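Please read all numbers here as calculations on a predicted model, not as lab measurements.
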Amino acid sequence: MTLQRRKVFLDTSVIFAAVLSPEGGARKLLHLAEAGFINLIVGSNVLRECDTVVRRKAPSSLPMLAQLLAAGRVETSSAPSRKQIAAARAFVKYGPDAHILGEAIGARPDWFVTHDKEHLLKVRTERRLAFKIGTPGDLIRALKEDFKLP
């Protein structure tokens, strides 16, 4: 049985977690992408936020950020259209997160992965989005089910 690789849009919080924690689920997703099991996508706003956050909170980790993005073959999506941002605002009122959700809508992923409990994980109960929203752990569990792993 051949499974199609899932397209996964990463939020800033997941990339930052991957940079800081070599053992966490976020880093595992980047390793899965490096091995060719999933395709990772980020928006240009996510990349800008990552750079800003890493420079502010862990500047010595900038090389790790670059290495993880390159090794995971992370793709950058196009800027969201006004229509995509408006669609995202129906789910998330907080402007910066609505913009990132708009980037995800434009990228058409299978999954949107985040650690943002305040705004973005609340959206996962909505059935009108064309993709699932969850944490790295949620996606890893789904992948295990796909491959029938324990």
Practice task
Give, for atom CG of L62 and atom CG of D51, the distance between the pair rounded to the nearest 0.5 Å.
Solution key: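 Taking CG in L62 and CG in D51, the distance rounds to 6.0 Å.
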
Problem - Euclidean distance, I105 CD1 relative to F91 CZ, rounded to 0.5 Å - result: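 One finds 6.5 Å between CZ of F91 and CD1 of I105.
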
Exercise for the section: Let me see the working for K28 and I140 under side chain to side chain contact (heavy atoms under 4.5 Å, CB included), right down to the final yes or no. Expected result: CA-CA 8 Å; K28 286 180 177 134; I140 289 168; 4.0 Å; yes

Problem - Side-chain (E103) to main-chain (N45) donor-acceptor, under 3.5 angstrom - result: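 Yes, the answer is positive, given that a donor and an acceptor are paired below the 3.5 Å cut-off.
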
Handout entry: Hphob cluster co-occupancy, V42 + L65, side-chain heavy atoms under 4.5 angstrom
Key =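 Yes.
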
Practice task
Spell out, yes or no, whether L68 and V46 are grouped together once hydrophobic residues are joined by side-chain heavy atoms under 4.5 Å, including indirect joins.
Solution key: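 Shared cluster, yes.
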
Exercise for the section: Could you give me the CA-CA distance, side-chain angles and deciding distance for F112 and I100, then say whether side chain to side chain contact (heavy atoms under 4.5 Å, CB included) is met? Expected result: CA-CA 10 Å; F112 178 95; I100 288 171; 4.1 Å; yes

Practice task
Go through the steps to decide whether S77 and F9 satisfy the test side chain to side chain contact (heavy atoms under 4.5 Å, CB included), and finish with yes or no.
Solution key: CA-CA 9 Å; S77 66; F9 189 96; 3.9 Å; yes

Practice task
Using a cut-off of 6.0 Å, state whether more than 12 heavy atoms not belonging to R108 lie near its atom CZ.
Solution key: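 Counting other residues, nucleotides and ligands, CZ of R108 stays at 12 neighbours or fewer.
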
Problem - R141/D138 salt bridge by N-O under 4.0 Å criterion - result: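 Yes, D138 and R141 are salt-bridged.
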
Handout entry: Residue from L69, L29, I41 passing side-chain contact (heavy atoms from CB on, under 4.5 Å) with L10
Key =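 For L10, the side-chain contact (heavy atoms from CB on, under 4.5 Å) check succeeds only for L29.
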
Practice task
Let me know which of L40, N39, L32, L139 forms a side-chain contact (heavy atoms from CB on, under 4.5 Å) with R6.
Solution key: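 Answer to the side-chain contact (heavy atoms from CB on, under 4.5 Å) test with R6 among L40, N39, L32, L139: L139.
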
Exercise for the section: Determine, stepwise, if the pair D11 / S13 fulfils side-chain hydrogen bond (donor to acceptor under 3.5 Å, both in side chains). Expected result: CA-CA 5 Å; D11 183 30; S13 60; 3.1 Å; yes

Exercise for the section: Evaluate side chain to side chain contact (heavy atoms under 4.5 Å, CB included) for M64 paired with R27, printing each intermediate quantity in order. Expected result: CA-CA 11 Å; M64 177 59 69; R27 179 76 66 93; 4.1 Å; yes

Practice task
Could I get the full list of side chain to side chain contact (heavy atoms under 4.5 Å, CB included) partners for T52, not counting sequence neighbours?
Solution key: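 R56.
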
